[in-house]
Amino acid sequence: MKLWMALYVSQASLDLTPAALTALVTRAQAKNALSGITGGLMYYRGRFMQVIEGDHDAVQQCLARIGNDTRHHDMTVVYNGPLATRRFGEWTMREIYAQRENEPVVDDFWRRLVDEHDDQALRTAVTLMQRLAQQDTAPR
Ligand SMILES: Cc1cc2nc3c(=O)[nH]c(=O)nc-3n(C[C@H](O)[C@H](O)[C@H](O)COP(=O)(O)O)c2cc1C
């Protein structure tokens, strides 16, 4: 198995409530469990950021499915490459509803991640998502 990670950002087509995010993620978790995918999906003020981890081929198939989904658009894949160890190994897809994060800080870092292809911003993104994933409730 060639362990792989993809990270993308996109624009949501609709405003999502926490319940709508949960519904989307519940479906994703069922599919991911079948293909050994783990990761996190953050929704933040109308935007998604998602980390997808697993076997190379499974990650590419998952990305392709997600890319065809009309519930979001303007998908930008920031990273699609090898991974040493899973960061979200406990979660078939951890939902992170980040509406209350510090807005200017997150906006600035989002811009650097997408516009400047900044390695530091990529590491920060994964670390931020891991940290938020650890907050509230048990692994699902
Ligand atoms: C932001 C976003 C994240 C998604 N994440 C996943 C995912 O991690 N795994 C997955 O299988 N589908 C994911 N989906 C859903 C797929 O795009 C697609 O709807 C689903 O795989 C189709 O499954 P079904 O037709 O069998 O219900 C995501 C969709 C969106 C909009």
Side-chain angles (χ1 to χ4, degrees):
M1 170 168 153
K2 199 159 51 161
L3 189 61
W4 216 253
M5 179 183 101
L7 185 148
Y8 76 81
V9 297
S10 66
Q11 300 284 330
S13 303
L14 296 169
D15 271 350
L16 285 189
T17 60
L21 182 66
T22 299
L24 189 159
V25 167
T26 299
R27 178 76 202 144
Q29 287 169 337
K31 300 203 78 158
N32 292 348
L34 296 175
S35 52
I37 295 281
T38 53
L41 174 62
M42 175 162 78
Y43 177 77
Y44 168 74
R45 290 160 51 83
R47 290 178 284 186
F48 291 112
M49 180 181 295
Q50 187 168 24
V51 172
I52 304 164
E53 310 170 320
D55 180 61
H56 170 271
D57 292 355
V59 169
Q60 303 317 309
Q61 285 157 15
C62 189
L63 264 184
R65 277 204 302 277
I66 294 170
N68 286 330
D69 195 310
T70 57
R71 289 174 290 182
H72 66 164
H73 54 90
D74 291 339
M75 186 174 172
T76 303
V77 178
V78 176
Y79 182 77
N80 188 2
L83 177 68
T85 45
R86 290 184 192 247
R87 312 294 170 82
F88 295 87
E90 297 163 83
W91 292 293
T92 52
M93 191 49 63
R94 179 67 161 109
E95 66 183 275
I96 302 166
Y97 196 88
Q99 207 73 333
R100 286 162 299 176
E101 282 299 296
N102 186 325
E103 293 167 18
V105 172
V106 179
D107 285 344
D108 181 55
F109 132 81
W110 208 294
R111 186 190 53 73
R112 279 201 297 134
L113 180 67
V114 175
D115 297 349
E116 297 172 19
H117 303 283
D118 180 331
D119 280 353
Q120 181 61 45
L122 175 62
R123 282 193 292 275
T124 304
V126 176
T127 305
L128 171 72
M129 287 190 51
Q130 277 185 289
R131 183 168 61 74
L132 294 172
Q134 302 296 336
Q135 292 175 4
D136 68 47
T137 67
R140 51 188 88 194

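Side chains are part of it too, since the values below use all heavy atoms of this structure and drop only hydrogens, waters and symmetry mates. For ligands, and for the atoms within them, numbers begin at 1 and follow the listed sequence. Position 1 is the first residue of the sequence, and the numbers go up from there.
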Quick one: do Arg47 and Asp74 make a salt bridge, cutoff under 4.0 Å?
no

Flag the pair Thr17 / Tyr43 as yes when at least one side-chain heavy-atom distance between them is below 4.5 Å, and no otherwise.
no

Would you tabulate the polar-atom pairs, meaning N/O of ligand 1 against N/O of the protein, with distances under 3.5 Å, reported to 0.1 Å?
residue: ligand 1; atom: 5 (N); partner: Gln50; partner atom: NE2; Å: 3.1
residue: ligand 1; atom: 8 (O); partner: Asn32; partner atom: ND2; Å: 3.0
residue: ligand 1; atom: 8 (O); partner: Gln50; partner atom: NE2; Å: 3.1
residue: ligand 1; atom: 9 (N); partner: Asn32; partner atom: OD1; Å: 2.8
residue: ligand 1; atom: 11 (O); partner: Arg65; partner atom: NE; Å: 3.3
residue: ligand 1; atom: 11 (O); partner: Arg65; partner atom: NH2; Å: 2.8
residue: ligand 1; atom: 17 (O); partner: Arg65; partner atom: O; Å: 3.4
residue: ligand 1; atom: 17 (O); partner: Asp69; partner atom: OD2; Å: 2.8
residue: ligand 1; atom: 19 (O); partner: Asp69; partner atom: OD2; Å: 2.9
residue: ligand 1; atom: 19 (O); partner: Arg71; partner atom: NH2; Å: 3.2
residue: ligand 1; atom: 21 (O); partner: Arg65; partner atom: NE; Å: 3.2
residue: ligand 1; atom: 23 (O); partner: Lys31; partner atom: NZ; Å: 3.2
residue: ligand 1; atom: 26 (O); partner: Arg27; partner atom: NH2; Å: 2.8
residue: ligand 1; atom: 26 (O); partner: Lys31; partner atom: NZ; Å: 3.0
residue: ligand 1; atom: 27 (O); partner: Arg27; partner atom: NE; Å: 2.7
residue: ligand 1; atom: 27 (O); partner: Arg27; partner atom: NH2; Å: 3.2

Side chains of Gln134 and Arg131 in contact at under 4.5 Å (non-hydrogen atoms)
no

Qualifying ring-ring contact (aromatic ring centres under 6.0 Å, His included) pairs, either residue in residues 1-31, two or more places apart:
Trp4-His56, Tyr8-His72

Check whether any side-chain heavy atom of Leu113 lies under 4.5 Å from a side-chain heavy atom of Thr76, and answer yes or no.
no

Are the side chains of Lys2 and Pro82 in contact, using a 4.5 Å heavy-atom criterion?
no

